[in-house]
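Here, residue 1 is the first one in the sequence, and each next residue gets the next number. No hydrogens, no waters, no symmetry mates; every other heavy atom, side chains included, goes into these values. Treat the numbers as computed from the prediction; the structure is a model and nothing was measured.
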Amino acid sequence: MRMTRSNYFQKLNRFDIYIMLLIFSQILGAYGGFFQITRVFSLILFSFLFHSLSIKTFRTFRFYIYFHIVFIIYSIFFLVFGKYVETKTLLAIVYGIINITICLNLIILSSKCNDFFKSVCLGIFLFLIVAIPLSFWEIQTNVHFITVIVDGTQVGGTDILRVYTSLFFGNYNNYNMVLMMMTPFLFSYMLLYKKWFPLIYLAAILYIFSVNGTRSGVIMFLIQLLLFLILSKKIKFIFFLIPILFFYIPTIDLDSLIIFKRFEVLGVEDKERSDLIGISIQAFLDSYFLGTGPNSFSNYVAEKFPSYIGANHNLLSEILSQYGLFIFSYFVYVLIRTFRKFYANIRYNPVIVFSLIGFPFIIVVNSSYLLGVNIWIFLTVLLIINTEKLKHISK
């Protein structure tokens, strides 16, 4: 699947450009609040694209479209009958409607673009070209573009002030999550196109993970790197890498990288987040398997467990505790469809395998997921790619 520089861009049409811009628009993170650029751009784009949704495309992804519709209907149910009915319940409904337009945009664009995977990757490259220099500046100056409540500005269990980069996301965990969603595409791009410049992005991402102290991000990265070396038949490089690291690591000021302090203090476990999973299950049981309602976990925690923070810190427990058994089961079905037959013809597009490795880490790194745009972009892109991959295999 080699491409020369002369024809590298010429096969892209305007729909490919829209995909690139939609992926790139995540660069502004939480900036704008309700009017985040990704939401605004998606609504404008959908006003031009909605009539292009063909019956064939709808049938292919109807189970996923129905999930979002049911998700919104369930939220409306809680708005009327829920215990914790507040303005943020209505906000969850509005965000749910916007999120379905984002998913539909990607589905429609995938049917009209020339190269969906490459367009997504180019959007990621644009994102990183802007994000990485800004992140390095943020780390060096300790001046942040947006400051919101994060999981503390100190290293867990110590009084060491944390140096971090969160770009426009405000919360460094949210930024870590988005970068973790991008690494599968960078590794896959190198395997498919035999171009090695994404290594620069990957090295920078690993450094950002280390500075931000995301243990899940570093562990995920190393596992994906090992898989990449195996698939690219470069596994022998490990034997050269180990002695280099053996002599190089002692020269690094490890105290400047928060990740080492976090591993030293906390290890690989996080008791508070483990407790939050138990609290999420308790909320699920107390609600008679119906869930406490959208965006209501903080209310439940404040009422029942006031000493804990009111965030699930886990995508699956967030769905289970707030939306109950039915929506949770439907979501698990969506995941099965997204990652099914991931092993089939891995050379056609290995991004599904890399993403499957990363998914267990991605869903525990951030405070909350459902109201944001990033998780839905990630899952929709993977679902589209895997659907096309399976069609390719069946031919």
- Message: If we count only N and O atoms by modelled type, under 3.5 Å, do the side chains of Ser321 and Asn312 hold a donor and an acceptor together?
- Response: yes
**Report entry** Check: Leu382 and Asn386 side chains under 4.5 Å, non-hydrogen atoms
**Finding:** no
Margin query: Could you check whether any side-chain heavy atom of Thr380 comes within less than 4.5 Å of a side-chain heavy atom of Asn105, counting everything from C-beta outward?
Written below: no
Phe24/Phe127 under ring pair (Phe, Tyr, Trp, His ring centres under 6.0 Å): CA gap, chis, key distance, verdict:
CA-CA 5 Å; Phe24 173 70; Phe127 179 102; 7.3 Å; no
### Query
Are Val130 and Ile200 linked, directly or through other ILVMFWY residues, by side chains that come within less than 4.5 angstrom of each other?
no
Are side-chain heavy atoms of Asn349 and Ser188 found at a separation under 4.5 Å? yes
Say whether Glu303 and Asn299, considering side chains only, have a donor N or O and an acceptor N or O under 3.5 Å apart. no
Contacts satisfying ring pair (Phe, Tyr, Trp, His ring centres under 6.0 Å) that involve residues 89-118 (not counting sequence neighbours) are Phe34-Tyr95
**Report entry** Intermediate values then yes/no, side-chain contact (heavy atoms from CB on, under 4.5 Å), Phe48 and Tyr18
**Finding:** CA-CA 12 Å; Phe48 292 98; Tyr18 295 152; over 6 Å; no
Are Gln322 and Asn295 linked by a side-chain donor-acceptor pair shorter than 3.5 Å? no
Can Phe328 and Tyr323 be said to form a ring pair (Phe, Tyr, Trp, His ring centres under 6.0 Å), step by step? CA-CA 7 Å; Phe328 177 80; Tyr323 287 86; over 10 Å; no
* Can any side-chain N or O of Tyr369 pair as donor or acceptor with the backbone N or O of Ile363 at less than 3.5 Å? -> yes
Side-chain touch Leu106/Val120, heavy atoms, less than 4.5 angstrom: no
Residues passing the salt bridge (charged side-chain N to carboxylate O under 4.0 Å, His left out) test with Lys304, sequence neighbours excluded, are none
Q. Between Phe50 and Ile55, is there a shared hydrophobic cluster once you connect ILVMFWY residues whose side-chain heavy atoms come closer than 4.5 Å?
A. no
Please tell me if the side chains of Ser135 and Tyr175 come closer than 4.5 Å, counting only heavy atoms from C-beta onward. yes
Margin query: When you compare the side chain of Gln36 with that of Tyr31, does any pair of heavy atoms fall below 4.5 Å?
Written below: no
Between Phe77 and Phe81 (judged by ring centroids, cut-off 6.0 Å), do the two rings come close enough to count as a pair?
yes
- request: Give the C-alpha distance, both sets of side-chain angles, the deciding distance and a yes or no for side-chain contact (heavy atoms from CB on, under 4.5 Å) between Thr214 and Phe361.
  value: CA-CA 10 Å; Thr214 169; Phe361 300 97; over 6 Å; no
Validation row, ring centre Phe221 to ring centre Phe187 under 6.0 Å
yes
Taking C-beta and beyond as the side chain, do Phe78 and Tyr74 meet within less than 4.5 Å on heavy atoms?
yes
query = Do you reckon Phe35 sits in the same ILVMFWY cluster as Leu91, going by side-chain contacts under 4.5 Å, direct or chained?
reply = yes
Next on the checklist: With a 4.5 Å cut-off on side-chain heavy atoms, are Leu370 and Trp376 touching?
Outcome noted: yes
Is it possible for you to check whether Arg337 lies under 6.0 Å from the centre of the six-membered ring of Phe63, through NZ or CZ, and within 45° of that ring's axis?
-> yes
**Asked** Does any N or O in the side chain of Asn314 come within less than 3.5 Å of the main-chain N or O of Leu316, such that one atom is a donor and the other an acceptor?
**Response** yes
